[in-house]
Amino acid sequence: MKDEIRKRGYLLEEDLRPEMIPQGERLTSAPFALIECVENIPCNPCETSCPKNAITIGENITDLPRIDFSLCTGCGICLVKCPGLAIFIADLSQSSDFALISIPWEFLPLPQVGSKIKGIDRAGKVVCDGEIAKVRKMPKDKTHIVTARVPRKYFNQVRHFQIVEEE
Amino acid sequence: MSDYQVLIVGGGPAGLSAAAVLSKYRVKSLLVDEGVKLGGQLIKQTHKFFGSQEHWAGVRGITIPEKIVEQIDRNYIDIWTNSTAIGIYPREDRVYIRKNQKELIGMSFPYILIATGASENMILFEGNDLPGVFGAGAVQTLMNQFGVFPGKRVLMVGAGNIGLIVSYQLLQAGVKVVKLIEASPNIGGYLVHASKIVRMGVPIQTSSTILKAEGKDRVEKATICKLDENWNPIPGTEEELKVDTVCLAVGLSASYRLALQAGCETTFVKELGGEVVKRDRKQKTSVDKVYIAGDAACIEEASSAMVEGRIAGLAIAQNIFPEKAQELEEAIEKEEAALNKLREGPFGNRIKQGIEKLLGEVNGR
């Protein structure tokens, strides 16, 4: 599995660690962080930044992060702090038809709430349409949080947004 | 003899860190840097660093130089920017420095730290001398330091961390990265860097190389092809890409010519990238007064360069203050432990193995 990832450069859904996605009721009860980190590099800002201590890496900072979804509130701080831009927030609690996906955004200009987007998957392919729901500017950190509403069934695919240019 | 005890050549992470340590021990030193702005490669690194909190995790490279400079007591350290150390002449015991790129000054120093970093490798292909063919470092300098577009449509060559990161920085500047190719079958850099650019629309194609760049006054197109398992171009796999820029991120080579002039010995260590200057665990070369740290010692990271710079500073201070030997030895051991921690994981292990080999050879003498 690892060999193919090193050729491809991106993760397929089957490459994700199963324990890094909430099960049962937790999936739809509140927002949660999706940490898509699969490589042993020395790095631990997610662990040190979580205000709820929901993320654990431990003494050996090359270990992969583990998350306790009962503690995670989906606040988004880890999303901002991750140097690899590998953390996303999903909120399936608002509607049975839509999910709110938050991604790290380090581009200017920041998108406008209400703008139409294309939901892009990890391979860079368009998978659905969507709309910008929220933009949180982080002036000190400069990794901004952009949230879009997408059809709920794509919550585990959409990891980037392409803003649809107005005609 | 000049007034100075130490000359530090290079004001990047290693040189600045050494200066901070030396100023703490009140060792009068001169730091020279050929750039217009202190910080070496750090001033172009707009992305966030990895590692642990003590090693600047989550901090953007561009904010680090001023933090280290704050630790430098300017009562003890003179800094000349825009000044190049152009040669070391051991027989005359002189180092020649072009101060402000105008005045040529020859001085002697009891100790010299070479922290001159590294430079880009070049690959051979037809048209590699066309305007529009850049090293990745040059693209970063143009964009991140001076706000100048290198071009508008880029072919990135190399999937190490530099190629992956500079591709992202090009996207941030509004430049289209048409494709990123890598000659080996695998991406050498961090997967998170690769994943980021792929989802942002940059296709990565491994086992591929550039055959030629063409254009009248600058690059107008480039031809790439696939490579077989013996690294030979596969006929029929050629693809022409409409690009105006070819960015080469094909590895770095340590810049240690000053060390060679000073008489330092080198040796070949595969794990460290090839020929490296021999040095002991305190960054001392085969010439007693010459130390080396950072990428000039071996291509690695800014975080390890900073620790190596501190080790070199402490080791030089040990020579000057034999009465503080114990205290300084403990400080060095602390830094070595930090370095070991930084080098954990598969990426750091190769470096660890290489350094073990190197030190084994040095100590065997």
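A, B, ... follow the sequence lines: proteins, then strands. Residue 1 opens every chain. Hydrogens, waters and symmetry mates are skipped; everything else that's a heavy atom, side chains included, is used.
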With a 3.5 Å cut-off and no angle check, do the side chains of Ser184(B) and Arg6(A) form a donor-acceptor pair?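 There is no such pair (donor and acceptor under 3.5 Å, judged by atom type) between the side chains of Ser184(B) and Arg6(A).
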Go through the atoms of [X] and report whether side chain, backbone, both or neither lie under 4.5 Å from a heavy atom of chain B.
X: Lys125(A); value: neither
X: Asn44(A); value: both
X: Ser49(A); value: neither
X: Lys7(A); value: both
X: Glu106(A); value: both

With side chains defined as the heavy atoms from C-beta onward, is the minimum distance between [X] and [Y] less than 4.5 Å?
X: Arg159(A); Y: Val198(B); result: no
X: Asp141(A); Y: Lys48(B); result: yes
X: Arg122(A); Y: Ser195(B); result: no

So which residue, Pro83(A), Ala123(A), Cys82(A), ends up with the most heavy-atom pairs under 4.5 Å with chain B?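 Most heavy-atom pairs under 4.5 Å with chain B: Pro83(A).
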Lys153(A) atom NZ, neighbour heavy-atom count above 12 within 6.0 Å: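 At most 12 heavy atoms, drawn from other residues, nucleotides or ligands, come within 6.0 Å of this atom.
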For Glu25(A), I'd like to know if atom CD has over 12 heavy atoms of other residues, nucleotides or ligands within 6.0 Å.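 Atom CD in Glu25(A) is not packed in, count stays at 12 or less.
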With a strict 4.5 Å heavy-atom criterion, list every residue of residues 224-231 of chain B that contacts chain A, or say none.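 Checking residues 224-231 of chain B against chain A gives no residue, so none.
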By number, which residues in residues 159-180 of chain B have some heavy atom less than 4.5 Å away from chain A?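 Answer by number: Tyr168(B), Leu171(B), Gln172(B).
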Contact winner vs chain A - Val59(B), Val192(B), Ile187(B), heavy-atom pairs under 4.5 Å: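 The answer is Ile187(B).
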Give the member of Gly201(B), Gly58(B), Gly348(B), Pro346(B) that has the highest number of heavy-atom pairs under 4.5 Å with chain A.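 When all of Gly201(B), Gly58(B), Gly348(B), Pro346(B) are compared, Pro346(B) has the most.
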Quick check: under 4.5 Å, non-hydrogen atoms only, which of residues 84-91 of chain A neighbour chain B?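 Near chain B, by residue number: Gly84(A), Leu85(A), Ala86(A), Phe88(A).
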How would you list, in number order, the residues of residues 54-70 of chain A that have a heavy atom less than 4.5 Å from chain B?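 Near chain B, by residue number: Glu59(A), Asn60(A), Ile61(A), Thr62(A).
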When rounded to the nearest 0.5 angstrom, what is the spacing between OG1 in Thr206(B) and CZ in Arg8(A)?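 It comes to 11.0 Å.
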To the nearest 0.5 Å, what is the distance between CD1 (Ile41(A)) and CG (Leu191(B))?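 If we round to the nearest 0.5 Å, Ile41(A):CD1 and Leu191(B):CG are 8.5 Å apart.
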Contacting region of Phe347(B) [heavy-atom separation from chain A under 4.5 Å]: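 Contact with chain A is through the side chain of Phe347(B) alone.
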Could you tell me which portion of Arg343(B) (side chain, backbone, both or neither) has an atom closer than 4.5 angstrom to a non-hydrogen atom of chain A?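 The answer is neither part of Arg343(B).
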Side-chain ion pair, Arg199(B) and Glu36(A), N-O less than 4.0 Å: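 Answer for the salt bridge query: no.
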